[in-house]
J.: 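Shown below is the structure under consideration.
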Amino acid sequence: AQTVTQSQPEMSVQEAETVTLSCTYDTSESNYYLFWYKQPPSRQMILVIRQEAYKQQNATENRFSVNFQKAAKSFSLKISDSQLGDTAMYFCAFGGNKLVFGAGTILRVKS
Amino acid sequence: NAGVTQTPKFQVLKTGQSMTLQCAQDMNHNSMYWYRQDPGMGLRLIYYSASEGTTDKGEVPNGYNVSRLNKREFSLRLESAAPSQTSVYFCATRRDRGITGELFFGEGSRLTVL
């Protein structure tokens with residue numbers, strides 16, 4: 001079975017600082033996609049960033065970047081220059097036709 | 001441009017009652033999904049539909065049925081609601097049949113079963 005583990009239930013960071021959220025997964029497949037989604041208090045699910053497993057280069061979207069280690073099955077999210085609006089639940093997800101989600105990490109950005 | 005629309009957004013049921021959650025998309029996507037979100041468990045796949053006329057079970061299908069009425073609509077039915085089905089339900093769509101492409105989500109439907 002495919003599984004996703006987010007080992008940090010909650011994290012906090014000061015505004016303007018950098019924080020890294022961890023994610024590991026387990027699969028026997030060789031080709032798949034990985035995603036980070038953000039869920040603010042509004043409950044809306046918002047795509048933050050995605051990574052294609054066959055690409056060596058780590059994906060970057062403005063202040064968000066990933067550290068993808070395929071051999072270690074690790075996919076962490078780094079948020080630079082944290083902003084109050086980054087406060088949310090963050091979900092790691094991976095898969096093919098069916099996306100499997102982790103349990104989520106609550107991130108609180110403090111002023 | 002509505003994207004993915006779920007109705008209702010809130011519902012309270014008594015144990016044993018039935019109800020249908022509706023999902024409609026105007027994105028012309030092939031694949032549609034139903035997830036449930038519970039505290040500490042993330043999102044778990046209930047059913048998905050790769051294309052009109054096809055459905056497949058996900059991780060937690062028991063107690064649910066689905067219908068892919070046409071390309072736009074994918075409904076989730078609870079025939080006899082149980083308190084364990086209290087959850088937030090999300091419908092999502094995906095453009096591609098294969099592994100590419102992210103999910104686009106509706107706003108969620110909060111269901112409480114008493």
Side-chain angles (χ1 to χ4, degrees), chain A residues 1-10 21-55 59 61 64 66 75 77 88-106, chain B residues 2-6 8-10 23 25 27 29-51 54-61 66 68 74 87-111:
Chain A
Q2 298 175 331
T3 59
V4 178
T5 302
Q6 293 181 248
S7 59
Q8 305 148 317
E10 296 187 28
L21 308 183
S22 300
C23 175
T24 58
Y25 59 95
D26 188 22
T27 183
S28 58
E29 298 179 16
S30 60
N31 197 18
Y32 46 86
Y33 269 74
L34 297 129
F35 304 88
W36 278 98
Y37 279 88
K38 167 185 177 181
Q39 187 182 43
S42 67
R43 202 169 68 192
Q44 182 67 45
M45 293 287 288
I46 302 165
L47 178 69
V48 175
I49 198 166
R50 74 174 184 179
Q51 173 78 42
E52 298 160 29
Y54 64 88
K55 287 190 175 179
E61 289 286 343
F64 299 88
V66 299
F75 181 60
L77 175 69
M89 174 81 87
Y90 287 81
F91 292 100
C92 174
F94 103 103
N97 285 329
K98 307 178 189 180
L99 280 194
V100 179
F101 285 79
T105 296
I106 298 172
Chain B
V4 182
T5 302
Q6 293 181 229
K9 291 189 172 40
F10 300 92
C23 177
Q25 53 112 350
M27 307 177 79
H29 286 176
N30 290 314
S31 300
M32 298 186 73
Y33 303 77
W34 277 107
Y35 284 88
R36 60 177 288 174
Q37 181 180 7
D38 302 291
M41 304 189 76
L43 278 75
R44 293 180 293 168
L45 182 64
I46 305 171
Y47 272 95
Y48 79 103
S49 171
S51 63
T54 67
T55 61
D56 202 355
K57 295 179 180 179
E59 181 185 356
V60 289
V66 291
R68 183 73 183 269
F74 188 39
S87 187
V88 177
Y89 292 85
F90 284 95
C91 177
T93 71
R94 198 178 203 182
R95 184 185 65 224
D96 299 301
R97 288 174 184 269
I99 67 168
T100 60
E102 70 267 26
L103 294 177
F104 293 84
F105 286 86
E107 294 181 343
S109 299
R110 180 175 292 278
L111 175 65

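Computed from heavy atoms alone, side chains included, the values below leave out hydrogens, waters and symmetry copies. Owing to the predicted nature of the structure, the values given are computational and were not obtained by experimental measurement.
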J.: Within the 4.5 Å heavy-atom criterion, are A/Q39 and B/F90 side-chain neighbours or not?
T.: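 Yes; the side chains approach each other to less than 4.5 Å.
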
J.: How would you list, by chain and number, every residue that makes a side chain to side chain contact (heavy atoms under 4.5 Å, CB included) with B/T54, sequence neighbours excluded?
T.: B/S49, B/A50, B/S51

J.: Between B/L103 and A/M45, is any pair of side-chain heavy atoms under 4.5 Å apart?
T.: no

J.: Is the number of heavy atoms from other residues, nucleotides or ligands within 6.0 Å of CD (A/Q2) greater than 12?
T.: yes

J.: Looking at B/E102 and A/I46, would you say the former's side chain and the latter's main chain have a donor-acceptor pair under 3.5 Å?
T.: no

J.: Once rounded to the nearest 0.5 Å, what's the spacing between atom NZ of A/K98 and atom NZ of B/K57?
T.: 10.5 Å

J.: Testing the basics here: between B/G40 and A/A103, what is the closest heavy-atom pair and its distance to 0.1 Å?
T.: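 Smallest heavy-atom distance, with atoms named: O-CB, 3.4 Å.
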
J.: Does any N or O in the side chain of B/Y35 come within less than 3.5 Å of the main-chain N or O of A/F101, such that one atom is a donor and the other an acceptor?
T.: no

J.: Side chain, backbone, both or neither: which part of A/L99 has a non-hydrogen atom closer than 4.5 Å to chain B?
T.: both

J.: Just checking, A/R43 and B/F10: is the charged tip under 6.0 Å from the six-membered ring centre and within 45° of the axis?
T.: yes

J.: For B/L45, is it the side chain, the backbone, both or neither that has a heavy atom under 4.5 Å from a heavy atom of chain A?
T.: side chain

J.: What part of B/E59 is in contact with chain A, defined as an atom under 4.5 angstrom from a non-hydrogen atom: side chain, backbone, both or neither?
T.: neither

J.: Among residues at least two apart in sequence or on other chains, which ones pass ring pair (Phe, Tyr, Trp, His ring centres under 6.0 Å) with B/Y48?
T.: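 So B/Y48 forms a ring pair (Phe, Tyr, Trp, His ring centres under 6.0 Å) with B/Y33.
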
J.: Does B/R110, at its CZ atom, have more than 12 non-hydrogen atoms belonging to other residues, nucleotides or ligands within less than 6.0 Å?
T.: no

